[in-house]
Novice: 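Quick one: structure below, then a few questions.
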Amino acid sequence: MRSRNLLAWSLLSLAPGLLAVAVPARAADTFSVDPVHSSMLFRVKHLGVGHIYGRFNQYSGSFAFDPKNPADCKLEMEVKIDSIDSANADRDKHLKGPDFFNAKEFPTMSFKATRMKAADEKTYEVTGDLTIHGVTKQVTVKLERLGTGKDPRTGKPRTGWETVFTINRSDFGVKGFLPAIGDEVRIIVAVEGIQ
């Protein structure tokens, strides 16, 4: 009887270790960018007197996020240059041409995260490779986590993020009409992802 109790206690003491081996750690949640509920906007100065705003209408991407392990985050986005929309067809055609984006030679721009760390409960510092006009530069942006909830139609989890940052377009070889058209470009990316 005593030996049977000893065996039972031995197995119980090993159980936590056995469970830890048997149950794999939960991977980061993976989300696809929902283009219907996301926005990608930009702002640039015109003739030193005002701002011109525009957007890109076609993009895709995905991200994996574990709030307990932000270092494990994966984030990739790709934007179709041909989808640029500044509310003026002639200007859009010019922006797609060789003076600016040269969409025929460089049809996409992209961002791929290489590092992420928490700044506070809702804000993360994300470093990654931004490629525009065939030039890749490392940038660091502050990413704000806006919220998480269930999609009422599908029941699947959704989460939202937003970042606002600036770049100098000349750093990426987009130098047309400087300085009449400003070098500094403010970029706003607001993304909803669905699991």
Novice: Would you sort out whether Ser110 and Val79 count as a side-chain contact (heavy atoms from CB on, under 4.5 Å), showing the intermediate values?
Specialist: CA-CA 6 Å; Ser110 64; Val79 180; over 6 Å; no

Novice: Go through it in stages, so that I can follow the logic: the residues are Glu144 and Lys122, the test is salt bridge (charged side-chain N to carboxylate O under 4.0 Å, His left out), and I'd like the CA-CA distance, side-chain angles, deciding distance and then a yes or no.
Specialist: CA-CA 6 Å; Glu144 181 186 359; Lys122 288 188 174 182; over 6 Å; no

Novice: So does Arg145 have more than 12 non-hydrogen atoms from other groups sitting under 6.0 Å from CZ?
Specialist: yes

Novice: Which of these, Val126, Leu130, Thr127, Asp129, sits in a side-chain contact (heavy atoms from CB on, under 4.5 Å) with Val139?
Specialist: Leu130

Novice: Scan Thr159, Thr148, Leu75 and name whichever one has a side-chain contact (heavy atoms from CB on, under 4.5 Å) with Phe31.
Specialist: Thr159

Novice: With rounding to the nearest 0.5 angstrom, report the NE2 to NE2 distance, His46 to His51.
Specialist: 12.0 Å

Novice: Just verifying a value: how many Å separate Glu125 CD and Asp120 CG, rounded to the nearest 0.5 Å?
Specialist: 11.0 Å

Novice: Main chain of Ile194, side chain of Asp34: is a donor-acceptor contact present, judged purely on distance under 3.5 Å?
Specialist: no

Novice: Given 3.5 Å as the limit, does a donor-acceptor pair link the side chain of Asn168 with the main chain of Asp171, or not?
Specialist: no

Novice: Measure the spacing between CZ of Phe165 and CD1 of Ile187 and express it to the nearest 0.5 Å.
Specialist: 4.0 Å

Novice: Taking side chain as C-beta onward, heavy atoms only, is Phe56 less than 4.5 Å from Ile81?
Specialist: yes

Novice: Atom NZ of residue position Lys96 - does it have more than 12 heavy atoms of other residues, nucleotides or ligands inside 6.0 Å?
Specialist: yes

Novice: With side-chain contact (heavy atoms from CB on, under 4.5 Å) as the test, pick out the partner of Gln58 among Lys80, Met40, Glu78.
Specialist: Lys80

Novice: Report yes or no: does Asp85 contribute a side-chain atom to a donor-acceptor pair with the main-chain N or O of Ala87 at less than 3.5 Å?
Specialist: yes

Novice: What are the two closest heavy atoms between Ser38 and Val33, and how far apart are they?
Specialist: OG-CG1, 3.9 Å

Novice: So, taking the atom named CG in Asp183 and the one named CD1 in Ile167, what distance separates them when rounded to the nearest 0.5 Å?
Specialist: 9.0 Å

Novice: Between His133 and Asn102, do the side chains contain a donor N or O and an acceptor N or O under 3.5 Å apart?
Specialist: no

Novice: Identify whether Ile84 and Ile52 are in the same connected component of the hydrophobic contact network (ILVMFWY, side-chain heavy atoms under 4.5 Å).
Specialist: yes

Novice: Drop me the distance from Arg186's CZ to Arg43's CZ, to the nearest 0.5 angstrom.
Specialist: 4.0 Å

Novice: Decide yes or no for Tyr124 and Lys117: does some side-chain heavy atom of the first lie under 4.5 Å from some side-chain heavy atom of the second?
Specialist: no

Novice: With heavy-atom distances below 4.5 Å as the criterion, would you say the side chains of Met77 and Val191 are in contact?
Specialist: yes

Novice: I need the minimum non-hydrogen distance between Asp151 and Thr154, along with the two atoms involved.
Specialist: OD1-N, 3.1 Å

Novice: From Ser62 OG over to Gln195 CD, what is the distance, rounded to the nearest 0.5 angstrom?
Specialist: 12.5 Å

Novice: Can you tell me if CD on Gln138 sees more than 12 non-hydrogen neighbours from other groups inside 6.0 Å?
Specialist: yes

Novice: Is any side-chain heavy atom of Val189 closer than 4.5 Å to a side-chain heavy atom of Glu162?
Specialist: no

Novice: Any chance CZ of Arg115 has more than 12 other-residue heavy atoms, nucleotides or ligands included, within less than 6.0 Å?
Specialist: no

Novice: Indicate the atoms forming the closest heavy-atom contact of Arg169 with Lys175, along with that distance.
Specialist: NH1-C, 3.7 Å

Novice: Would Phe111 and Val135 show up in the same hydrophobic cluster when neighbours are defined by side-chain heavy atoms closer than 4.5 Å?
Specialist: yes

Novice: Are Met109 and Phe172 side-chain neighbours, meaning at least one heavy-atom pair lies under 4.5 Å?
Specialist: no

Novice: Can you find a pair of side-chain heavy atoms, one from Ile132 and one from Phe106, that are under 4.5 Å apart?
Specialist: no

Novice: Just checking, any donor-acceptor pair under 3.5 angstrom between side chains of Arg91 and Ser86?
Specialist: yes

Novice: Measuring only between side-chain heavy atoms, which start at C-beta, is Val44 closer than 4.5 Å to Ile181?
Specialist: yes

Novice: Can you tell me how the ring of Phe100 sits relative to the ring of Phe177, calling it parallel under 30°, perpendicular over 60° and tilted otherwise?
Specialist: parallel

Novice: Measure the shortest side-chain to side-chain distance between Thr163 and Trp161 over non-hydrogen atoms and say whether it is less than 4.5 angstrom.
Specialist: no

Novice: Please report the shortest heavy-atom distance between Met116 and Phe65, naming the atom on each side.
Specialist: CE-CE1, 3.6 Å

